[in-house]
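Heads up, the thing below is written out as structure tokens.
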Number of protein chains: 2
Amino acid sequence: MSMDEVAKKAGVSTATVSRVMNGSRSVKASTRARVEAIISQEGYTANRLARNLRTAESRLLITMVPDFSNPFYAEIVKGIDAVARRHGYHLLLCDTGASLTEERTYFDMLRTHLADGAICLDPVSTQRELASENSLLQWVACCEFDPKGSVPYVGIDNAKAARDAVKYLVERGRRRIAFINSDERFLYARQRKVGYMTALSEAGLTPYDGAIVKTDGLTFDDGRRVAKRLLASAIKPDAIFAVSDTLAIGAMQAVHELGLRVPQDVAVIGFDNIPLATMVQPALTTIAQPMFRLGENAANLLLERMRDPSTPALGTLLDHELVIRNSA
Amino acid sequence: MSMDEVAKKAGVSTATVSRVMNGSRSVKASTRARVEAIISQEGYTANRLARNLRTAESRLLITMVPDFSNPFYAEIVKGIDAVARRHGYHLLLCDTGASLTEERTYFDMLRTHLADGAICLDPVSTQRELASENSLLQWVACCEFDPKGSVPYVGIDNAKAARDAVKYLVERGRRRIAFINSDERFLYARQRKVGYMTALSEAGLTPYDGAIVKTDGLTFDDGRRVAKRLLASAIKPDAIFAVSDTLAIGAMQAVHELGLRVPQDVAVIGFDNIPLATMVQPALTTIAQPMFRLGENAANLLLERMRDPSTPALGTLLDHELVIRNSA
DNA sequence: TTGAAAGCGCTAACAT
DNA sequence: ATGTTAGCGCTTTCAA
């Protein structure tokens, strides 16, 4: 059923029906009542495709996530969703698999007006590729960002956070501190490595031979695998710092499987403070990111820029926190 | 830039540009080349709002999830996404919080042609409310479904699966088997309870006093909390069957905190086989659901019904599997 | 093989 | 306070 038919039944013009639907003040009470009666009686809802075409907005926001089976992103998305909803927007959530091609597809949805704005959580390396070709589109970066780029962002100071974690290990007397990093296409991976190096050099240390390892993914099993390698080499670590909790938990598992104890033999620190961190044995010491608030901030930033595109494209860094539990 | 401008630049009509964009065969090769040159040179992409309005389809599929921080749903969504993508659809993912009001919002998006179809993972109790008012819309249920309803669905036989789990415990000599259930608005909760009762009665047992407990949520902490209650009562369980892995892992944690051993003192079985199940100590025995395939099937079912609405609205049950590890 | 023209269902400027 | 009308940018029949 279209607006035309509603108008006909109510004996008014489509313009009046439109006014009623959009809450325009300039409709006589009796007319409004008559129209509303028809609307609810017929269960009429406006065709949003038509409305969107006409008003050139869709009230849809895209959120690009590299992998939504990673629990870390869930909280961020909830923060985004909360803000979006509060402003009458809905979320088009996309698992890009960190792939450039997929990203392009979603940017196309912006370009073709299927969505009004986007929040990108994908690796900064892909973001850089996309920045120039999508400079006219409304989008912001969250967690992953190019500090020198022109895309507004919200994140944390990864280098400082990693430094805090490693500094803590040093203060507890650890000297052979291994570092499990992930894909360095991600800014956080590169920055956290910097923080790791900084903390060591501030303590007059250097990474021992073979202290730094890399994984492709972020699964528990990735963590377990590389930790086993770490624990099987000539020089054995007395502490492991992993760039994500999932990796850290995998590493703890590996330590246990080799008959060693956490933290006595090997201390372990993770990053993210996912819900699970409190549930493993021993509970995981980690760096907490304000995930929900990261999402909220990103959404607010985007909405603000959409409202007023001349808003300066600034970057915001939120605070992290070292959460000390029992694994280190 | 609109199609009009492309047409003007190429010296053809919009109809021809449209034909080129949609790969119509009836365009002279030289004309096509000329138009395509302009398109790529200008970086033109069609306004999908306009196209959607005209063709009355959006190529968007809604997926309603009660809570996407639950890792269980992530795999299902990936299955849905894979199929959707293969057929040129994109996913509008929604966290409804299992709320009826939210659900209604998303069904409205179907009604208003913002999306072409929906897959609902929300509790069957809310689905029932929605079934009649949305009987004309294209949607299917996944995991949660009304076996007697008219909405097509894909799921597993929860009662049978739960029975398998509890039967296994009985066969291993357990007698005081506790049951941690969650919100009984969910079909799976009710069906699994049936399975639990069936297995016991088949073994000539009845639940001991206080054997059955309920939680509101599905977090680790919910599991830990109720397990503590269970282990503090007069009669202590020698086994715990939880309706989800997250609850089971929380329960294991509680057992450990009380200085008891899993499985020697208390065996624990979960449900879902989330990735984490292999990473906890001891590794969790659980019922595996084919999550990815559940998602794939649901999406295929939906697409089929959209293609041919006369396709019978049938229900499919996929197989589960008891995965034996070390916790029971 | 191509173009002209109608129209998808709505909003908003303008007129009354 | 209400109606008329012109489009938003596309697809698609119909005619040439």
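So you know, we letter chains A, B, ... as the sequences are listed, proteins then strands, and number each from 1.
Position along DNA chain C of the nearest nucleotide to R54(B) versus K28(B) favours K28(B) as the more 5'-ward residue. DNA chain D is contacted by both L53(B) and G11(A); G11(A) maps to the nucleotide lying nearer its 5′ end (nearest heavy atom per residue).
Judged by distance alone, the side chain of E103(A) and the main-chain N or O of L130(A) form no donor-acceptor pair under 3.5 Å. Using modelled atom types, one side-chain atom of S58(A) and one backbone atom of L114(A) make a donor-acceptor pair closer than 3.5 Å. Distance alone, capped at 3.5 Å, is enough to place a donor-acceptor pair between the Q127(B) side chain and the D122(B) backbone. Although no hydrogens or angles enter the test, the distance criterion places no donor-acceptor pair under 3.5 Å between the side chain of D81(B) and the main chain of V77(B). Remark: side-chain polar atoms of E184(A) are not paired, donor with acceptor, to backbone N or O of A189(A) under 3.5 angstrom. In this structure, D116(B) contributes its side chain and R59(B) its backbone to a donor-acceptor pair below 3.5 Å.
DNA chain D lies under 4.0 Å from at least one heavy atom of each of the following residues of residues 13-26 of chain A: S13(A), A15(A), T16(A), R19(A), S26(A).
Distance CD (E5(B)) to C1' (dG9(D)): 11 Å, rounded to an integer number of Å. Between the CD atom of E57(B) and the C1' atom of dC10(D) there is a distance of 13 Å, given to the nearest Å. Separating the CZ atom of R48(B) from the C1' atom of dC8(D) is a distance of 17 Å, rounded to the nearest angstrom. Separating the CG atom of D4(A) from the C1' atom of dG3(D) is a distance of 13 Å, rounded to the nearest angstrom.
Taking the side chain as every heavy atom from C-beta outward, N134(A) and R111(A) approach each other to under 4.5 Å.
The two residues L91(A) and T63(A) make their nearest non-hydrogen contact at CG-OG1, 3.7 Å.
Protein chain A touches strand DNA chain C; the 5'-most and 3'-most nucleotides with an atom under 4.0 angstrom of its non-hydrogen atoms are dG9(C) to dA13(C).
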